Amino acid sequence: MSYTENMFDELAHRYLRVPYILNGRDLQTAKKPKATVVLLHGINSSMAMWQSVVKKLPKDIRVIGIDLLGFGDSPRTSWPSYQVRIQARSVAATLFLMKIRGPVIVVGHSLGSLVAIDFARRYPLMTRQLILVSPPLYDIEHEPTGALAYNPHRLLRDIHTSLSAQPDTVAKLVGLLTQYKFVNRGFDASKVDMPTFLGTLEAAIINQTSMRDLMRLKQPVTVITGKLDPFVSESTIKRLAKERTNLTHKSLIAGHEIIGLMEPAVLKATSSALAELNRKP
């Protein structure tokens with residue numbers, strides 16, 4: 001961006017709060033769709049991560065993929081714009097432009113699940129149901145405090161500190177993860193933008209309000225987590241599922257990414273949400 005473009009971008013989107021238009025695309029269409037499913041990817045990924053899932057979804061629904069702000073083919077910004085509220089407003093603006101008024105089923109992975117929560121909070125009439133896959137939800141007031149207690153929130157803070165001090169290690173780490181297929185297809189090792197990656201990690205995940213916002217939602221929510229996921233606090237989600245009647249928790253022997261047992265679990269949850277939608281008048 002030129003200096004003038006940077007000034008306009010910051011004025012319009014930061015101060016006037018004009019939402020960004022993201023890269024949104026129909027991954028599947030139907031002549032008379034019974035429902036619309038919106039897919040939101042994780043950090044440093046893109047809608048490409050959902051290819052395998054989309055192929056196995058019912059053919060009578062519309063499926064929309066969206067690249068979140070700063071990732072995939074969506075705009076990069078000239079100012080720190082990493083909060084989930086900015087992402088959620090941009091998702092809504094993009095759906096409106098695509099003539100989608102809702103209600104939709106939103107499936108979010110990792111960062112995308114936190115954006116989905118904020119989207120549902122801001123636009124309840126547009127949101128029928130949420131499916132949150134590997135959501136990095138942290139309850140600050142109930143975090144384990146012992147020196148030996150495992151704390152995924154603290155782990156992410158330590159990772160952020162280390163990567164901020166040694167940014168060159170990010171590309172090497174992501175390259176290894178991609179090489180050995182520990183990450184989804186949309187996670188591109190060659191497109192790691194350090195300011196966006198670290199800024200999103202800090203603002204959207206480490207310093208989040210998603211846990212508080214999730215507790216306010218009225219829509220049905222399905223949370224899918226892996227017992228081997230180092231970034232998810234399953235004990236926090238289990239406690240939340242006991243307190244909230246609208247929340248269902250499914251725990252699998254899996255990691256963070258939608259591979260292995262995670263994929264059929266996501267497909268089953270989506271099919272259940274579609275069946276519930278069809279049962280309601």
Side-chain angles (χ1 to χ4, degrees), residues 19-20 22-25 27 36-54 57 63-75 81-95 100 104-123 126-138 156 183-188 191 193 196-197 199-206 208-211 213-214 217 219 221-226 229 231-232 237 254-259 262-263 265-267 269-270 273:
Y20 286 90
L22 307 176
N23 177 43
R25 187 158 55 87
L27 302 180
T36 299
V37 174
V38 177
L39 304 176
L40 303 178
H41 61 78
I43 193 169
N44 205 65
S45 191
S46 71
M47 69 174 78
M49 68 161 282
W50 298 106
Q51 288 181 10
S52 179
V53 172
V54 172
L57 287 173
V63 182
I64 303 237
I66 293 180
D67 287 338
L68 295 175
L69 187 64
F71 301 106
D73 292 327
S74 281
S81 52
Y82 311 117
Q83 297 90 346
V84 292
R85 70 175 186 271
I86 296 172
Q87 294 277 13
R89 288 202 300 259
S90 299
V91 168
T94 304
L95 292 177
I100 297 170
V104 298
I105 297 169
V106 186
V107 184
H109 173 250
S110 193
L111 168 66
S113 66
L114 305 187
V115 176
I117 291 170
D118 198 80
F119 176 86
R121 181 179 70 86
R122 293 177 184 277
Y123 311 101
M126 290 185 66
T127 312
R128 174 71 72 180
Q129 187 165 339
L130 297 184
I131 299 173
L132 311 179
V133 189
S134 305
L137 290 164
Y138 306 122
L156 280 181
V183 295
N184 289 309
R185 184 179 301 178
F187 199 105
D188 193 341
K191 295 182 180 179
D193 182 81
T196 301
F197 180 83
T200 301
L201 180 61
E202 180 179 21
I205 300 177
I206 295 175
Q208 62 175 271
T209 62
S210 300
M211 183 71 181
D213 295 336
L214 177 58
L217 296 184
Q219 301 94 330
V221 179
T222 299
V223 180
I224 304 173
T225 61
D229 190 337
F231 306 118
V232 169
I237 296 172
H256 189 72
E257 302 300 331
I258 305 179
I259 54 180
M262 271 291 185
E263 184 174 298
V266 172
L267 290 166
T270 307

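As the structure is a computational prediction, the values presented were derived from the model and not from experiment.
- Residues forming a side-chain contact (heavy atoms from CB on, under 4.5 Å) with S110 (at least two apart in sequence, or on another chain): P136, H256.
- Residues I131 and V106 fail the side-chain proximity criterion, which asks for heavy atoms closer than 4.5 Å.
- The heavy-atom pair separating T94 from S90 by the smallest distance is OG1-O, 2.7 Å.
- For the pair L68/S74, no side-chain contact is recorded, criterion being any heavy-atom separation below 4.5 Å from C-beta on.
- The nearest pair of heavy atoms linking A269 to I224 is CB-CD1, 3.9 Å.
- A 6.0 Å sphere centred on CZ of R25 holds no more than 12 heavy atoms belonging to other residues, nucleotides or ligands.
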*Are N23 and I66 close enough, and set up right, to give a side chain to side chain contact (heavy atoms under 4.5 Å, CB included), and what steps lead you there?*
CA-CA 6 Å; N23 177 43; I66 293 180; over 6 Å; no
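- Looking at heavy atoms from C-beta onward, H109 lies in side-chain contact with M49 at the 4.5 angstrom threshold.
- A donor-acceptor distance shorter than 3.5 angstrom exists from the side chain of S46 to the backbone of A48, with no hydrogens or angles considered.
- Of all the heavy atoms in L69 and Q87, the pair that sits closest is N-OE1, 2.7 Å.
- Nearest heavy atom pair, residue V84 against residue A204, reads CG1-CB, 3.8 Å.
- Every side-chain contact (heavy atoms from CB on, under 4.5 Å) that T196 has, sequence neighbours left out, goes to F71, Y82, D193, T200.
- Counting heavy atoms from C-beta outward, V223 and V133 have side chains that stay 4.5 Å or more apart.
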*Test side chain to side chain contact (heavy atoms under 4.5 Å, CB included) applied to L57 and L27, step by step*: CA-CA 11 Å; L57 287 173; L27 302 180; over 6 Å; no
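- Counting heavy atoms from C-beta on, the side chains of V221 and L214 come closer than 4.5 Å.
- Counting all heavy atoms, side chain and backbone alike, S134 lies closest to M262 at OG-CE, 3.7 Å.
- Atoms OG and CG, on S210 and L111 in that order, are 9.0 Å from each other to the nearest 0.5 Å.
- Of all non-hydrogen atoms in A120 and L130, the two that sit nearest each other are CB-CD1, 3.8 Å.
- T36 has its side chain out of reach of I105: every pair of non-hydrogen atoms, C-beta onward, lies at least 4.5 Å apart.
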*Carefully, step by step, assess R89 and Y123 under the rule side chain to side chain contact (heavy atoms under 4.5 Å, CB included).*
CA-CA 9 Å; R89 288 202 300 259; Y123 311 101; 3.5 Å; yes
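- Between W50 and V107, the closest side-chain pair of non-hydrogen atoms falls below 4.5 Å.
- Here the side chain of S113 pairs no donor or acceptor atom with the backbone of L132 at under 3.5 angstrom.
- Residues I117 and L137 meet the side-chain proximity criterion, which asks for heavy atoms closer than 4.5 Å.
- In terms of the side-chain contact (heavy atoms from CB on, under 4.5 Å) criterion, residue partners of R121 (sequence neighbours excluded) are, by chain and number, D118, D213, L217.
- Judged by distance alone, the side chain of Q208 and the main-chain N or O of I205 form a donor-acceptor pair under 3.5 Å.
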*asked:* Pair I237, T225 - check side chain to side chain contact (heavy atoms under 4.5 Å, CB included), show working.
replied: CA-CA 9 Å; I237 296 172; T225 61; 3.6 Å; yes
